Novice: 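Please read through the structure below; I'll follow up with questions.
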Amino acid sequence: MTLFIYNTMSRKKEKFEPLTPGKVGMYVCGITAYDRCHIGHARSAVVFDAVVRHLRRTGFKVTFVRNFTDIDDKIINRAREEGISTVELAQREMEHFHHDMEALGVLKADIEPRATEHIPDIIALIETLVEKGFAYEAEGDVYFSVRKFPTYGALSRRNLEELRSGARIRPGEKKKDPLDFALWKAAKPGEPKWNSPWGPGRPGWHIECSAMSMKYLGPTLDIHGGGLDLAFPHHENERAQSEAATGRQFVRYWMHNGFVTIKGEKMSKSLGNFITIKDILSHFHPEALRLFLLSKHYRSPLDYSPEALRESTAALDRCYKALAEAHQFARGPVKKKRPIPSEAEEDLKLISTLGTRVDEAMDDDFNTALALGHVFDAVRALNRVLSMAARKPSALYKDGLKTACTAITGAVESLGILKEVPENYLEVRNRQALEASGLTLEELNILIQERNQSRKDKDWERADEIRDQLSRKGIVLKDTPEGTRWSAQL
RNA sequence: GGCGGCGUAGCCAAGUGGCUAAGGCGACGGUCUGCAAAACCGUUAUUCCCCGGUUCGAAUCCGGGCGCCGCCUCCA
């Protein structure tokens with residue numbers, strides 16, 4: 001199997017060949033730690049988490065670096081508003097980030113460098129650029145001279161002259177060219193500062209990513225990822241700085257994920273139309289959010305709505321229900337070994353090859369939507385087998401069902417879903433439903449008993465009344481040969 | 001204005017030259033059930049925004065149009 005990745009640089013799907021066979025150096029732009037993360041951040045995190053998982057699953061040794069920007073204008077301003085230090089603010093938001101990521105099942109990066117811990121590396125890189133004539137100092141600021149880098153604009157397909165016509169030098173900036181960008185900013189009174197050859201100041205945003213990525217991954221990264229909004233100017237600038245400094249190719253494969261929109265508009269801090277990860281997780285299961293985020297190809301826009309999350313929850317419930325029932329049958333008391341029909345054998349075979357189909361989908365530029373389609377096919381096949389097993393029970397189903405469950409949960413490793421014990425997942429869903437219904441477990445059981453008595457007496461009217469009453473409270477009753485069971489309504 | 005992306009069923013979505021246009025949610029019919037629920041089976045796009053072209057053959061390629069979105073300033 002061969003992995004193909006869409007490279008923003010070439011605008012084409014390319015065969016993935018890392019610099020060193022079998023090893024992948026991957027850098028993804030993390031967050032600026034000044035506020036809670038929203039679903040847009042979650043998408044980027046989950047998408048690249050799936051990338052890392054899939055690379056590792058298919059045998060690559062991945063070094064994954066995701067940075068924190070812990071000093072910049074937004075942090076300084078927010079800290080000032082809150083009356084705390086930039087260090088405190090950044091620390092708090094990095095902790096929030098870690099909590100959110102852990103909840104979402106996003107693997108920790110191997111290295112999570114922070115800008116403020118890499119000031120010497122940043123300064124060294126800027127010095128190289130000054131020495132080589134790509135950067136110049138101006139009253140304590142240092143700027144990158146865009147005109148010195150001939151292929152500037154190649155990544156984001158910008159035309160320098162057109163960019164220049166729209167750009168302006170803002171008051172207080174000492175650029176020679178409107179397109180030049182800051183590598184080092186002289187400290188203003190009261191701002192955090194570090195000493196440098198150009199006087200006290202702090203690094204610009206773009207240079208920190210160049211310095212930190214190359215420090216841990218070398219001059220050439222295999223994969224550099226981030227949101228589409230970072231392509232210009234952030235990644236364009238990173239590329240210019242890095243290649244100017246090293247004379248080597250900076251990134252082999254540029255990957256950019258599309259935006260999360262809400263009512264068709266980009267979700268962003270500036271528009272104020274964002275929903276935080278924390279908010280979502282107070283209403284939905286983290287895996288439902290993951291499922292939602294992976295339900296569309298990573299490069300396309302993805303429109304958020306509570307309905308969409310509910311749909312993902314319904315789909316996830318169906319998967320867990322099937323797994324739970326398969327477990328239950330496998331552990332059940334059936335002893336009789338009657339032969340199982342060939343249809344069941346075929347379904348079990350289909351399930352056993354799910355992993356291959358998921359991996360193939362992922363190999364095609366991480367087609368998670370197609371991969372999920374295969375997963376749902378397998379779940380339907382599993383339910384089909386369960387129906388047959390319920391109709392004509394046989395102990396011969398047990399091993400097949402156990403293997404099928406393992407095949408499914410193993411196949412979705414890259415997607416990072418179905419990681420919970422199915423019974424636990426359903427129990428949590430049920431507990432939440434019970435809480436929401438306002439009933440205690442005891443009250444619920446009394447109602448169920450009363451209904452069963454009514455059913456025995458063939459008082460269907462009363463029995464249905466109780467069932468309807470519970471249904472309105474979000475609790476569904478199911479009459480099975482083993483008795484009446486209740487569960488959360490979808 | 002410049003650059004880029006998108007428009008596939010009621011909704012979401014995969015498919016980028018050729019087998020029956022995946023899958024999810026929903027709706028309807030059937031099996032099951034006292035009736036339900038869940039699950040399964042079946043139906044739900046003879047057609048992929050519109051018009052023209054290339055081709056033996058196009059949702060898929062080309063040209064034009066309409067509509068939506070994004071980047072060009074901080075943003076995942």
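Chain A is the first sequence line, chain B the second, and so forth, proteins listed ahead of strands; every chain is numbered from 1. A quick note: this is a predicted structure, and the numbers were derived from the prediction, not measured.
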Novice: Please tell me which of the listed nucleotides, B:C25, B:A37, B:C72, lies nearest to the side chain of A:Phe232?
Specialist: B:C72
Novice: Tell me which nucleotide among B:C74, B:A38, B:A76 gets nearest to the side chain of A:Asp229.
Specialist: B:A76
Novice: Using the C1' atom in both, what is the distance from B:A14 to B:A9, to the nearest Å?
Specialist: 14 Å
Novice: Just checking A:Arg11: base, sugar-phosphate only, or nothing, at a heavy-atom cut-off of under 4.0 Å?
Specialist: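 A:Arg11: backbone/sugar contact only, no base atoms under 4.0 Å.
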Novice: Just checking, any donor-acceptor pair under 3.5 angstrom between side chains of A:His96 and A:Glu93?
Specialist: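 A pair is found: one side chain offers a donor N or O, the other an acceptor, under 3.5 Å apart.
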Novice: For RNA chain B, what residues of residues 97-115 of chain A have any heavy atom nearer than 4.0 Å?
Specialist: none
Novice: Looking at A:Lys266, does any N or O in its side chain come under 4.0 Å of the phosphate oxygens OP1/OP2 on B:C71?
Specialist: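 True: A:Lys266 side-chain N/O within range (under 4.0 Å) of B:C71 OP1/OP2.
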Novice: Rounding to an integer number of angstrom, what distance separates B:U31 and B:G70 when you compare their C1' atoms?
Specialist: 49 Å
Novice: Report yes or no: is there a donor-acceptor pair, N or O only, under 3.5 Å between the side chain of A:Asp479 and the base of B:C32?
Specialist: no
Novice: Using a heavy-atom cut-off of under 4.0 Å over every strand shown, decide if A:Lys478 touches base, sugar-phosphate, or nothing.
Specialist: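 Answer is base: heavy atoms of A:Lys478 come under 4.0 Å of a base.
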Novice: So what's B:A58 paired with, Watson-Crick or G-U wobble, going by both distances under 3.5 Å?
Specialist: none
Novice: Anything under 3.5 Å between a protein N or O and an N or O of nucleotides 13-20 of chain B, put it in a table, one pair a line.
Specialist:
unit_1	atom_1	unit_2	atom_2	d
B:A13	OP1	A:Lys296	NZ	2.6
B:A14	OP1	A:His297	N	2.9
B:A14	O3'	A:Asn367	ND2	3.0
B:G15	OP1	A:Asn367	ND2	2.9

Novice: The side chain of A:Trp460 is closest to which nucleotide in this list: B:G34, B:A76, B:A39?
Specialist: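 Between B:G34, B:A76, B:A39, the one nearest the side chain of A:Trp460 would be B:G34.
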Novice: For B:U73, which nucleotide in any strand shown is its Watson-Crick or wobble partner with both distances under 3.5 Å?
Specialist: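 Because no pair has both required distances under 3.5 Å, B:U73 counts as unpaired.
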Novice: Please table the atom pairs, donor to acceptor, closer than 3.5 Å between any side-chain atom in residues 464-477 of chain A and protein atoms at least two apart or in another chain.
Specialist:
unit_1	atom_1	unit_2	atom_2	d
A:Asp464	OD1	A:Arg467	NH2	3.4
A:Glu465	OE2	A:Arg462	NH1	2.9

Novice: Which nucleotide, B:A76, B:G2, B:A39, lies nearest any side-chain atom of A:Cys29?
Specialist: B:A76
Novice: Would you please say whether a donor-acceptor pair under 3.5 Å links the side chains of A:His374 and A:Glu360?
Specialist: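 There is no such pair (donor and acceptor under 3.5 Å, judged by atom type) between the side chains of A:His374 and A:Glu360.
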Novice: Consider side-chain contact (heavy atoms from CB on, under 4.5 Å). Of A:Asp363, A:Asp49, A:Val62, A:Thr368, which one does A:His54 pass it with?
Specialist: A:Asp363
Novice: Considering every strand shown, what is the Watson-Crick or G-U wobble mate of B:U44 when both distances are under 3.5 Å?
Specialist: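 Partner of B:U44: B:G26.
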Novice: Tell me which nucleotide among B:C74, B:C72, B:G70 gets nearest to the side chain of A:Arg158.
Specialist: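 In terms of side-chain proximity for A:Arg158, the closest of B:C74, B:C72, B:G70 is B:C72.
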Novice: Please give me every residue in residues 380-392 of chain A whose heavy atoms get under 4.0 Å of an atom in RNA chain B, ordered by residue number.
Specialist: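 Listed by number, they are A:Arg380, A:Asn383, A:Arg384, A:Ser387.
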Novice: Quick test of your reading: applying ring-ring contact (aromatic ring centres under 6.0 Å, His included), list the pairs with at least one residue in residues 460-479 of chain A, sequence neighbours left out, ordered by first then second residue.
Specialist: none
Novice: Ignoring hydrogens and geometry, is there a side-chain-to-backbone donor-acceptor pair from A:Arg357 to A:Leu350 under 3.5 Å?
Specialist: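 Yes: the side chain of A:Arg357 pairs with the backbone of A:Leu350.
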Novice: For A:Lys269, check side chain to side chain contact (heavy atoms under 4.5 Å, CB included) against everything at least two apart and list the hits.
Specialist: A:Tyr34, A:Asp35, A:His38, A:His41, A:Phe274
Novice: Distance check, C1' atoms only: B:U20 and B:U47, in whole angstrom units.
Specialist: 13 Å
Novice: Determine the contact category for A:Phe259: base if any of its heavy atoms lies under 4.0 Å from a base atom, sugar-phosphate if only primed atoms, P, OP1 or OP2 are that close, otherwise nothing.
Specialist: base
Novice: Determine whether more than 12 heavy atoms belonging to other residues, nucleotides or ligands lie under 6.0 Å from atom NZ of A:Lys419.
Specialist: yes
Novice: Tell me which nucleotide among B:A38, B:G70, B:C72 gets nearest to the side chain of A:Leu163.
Specialist: B:C72
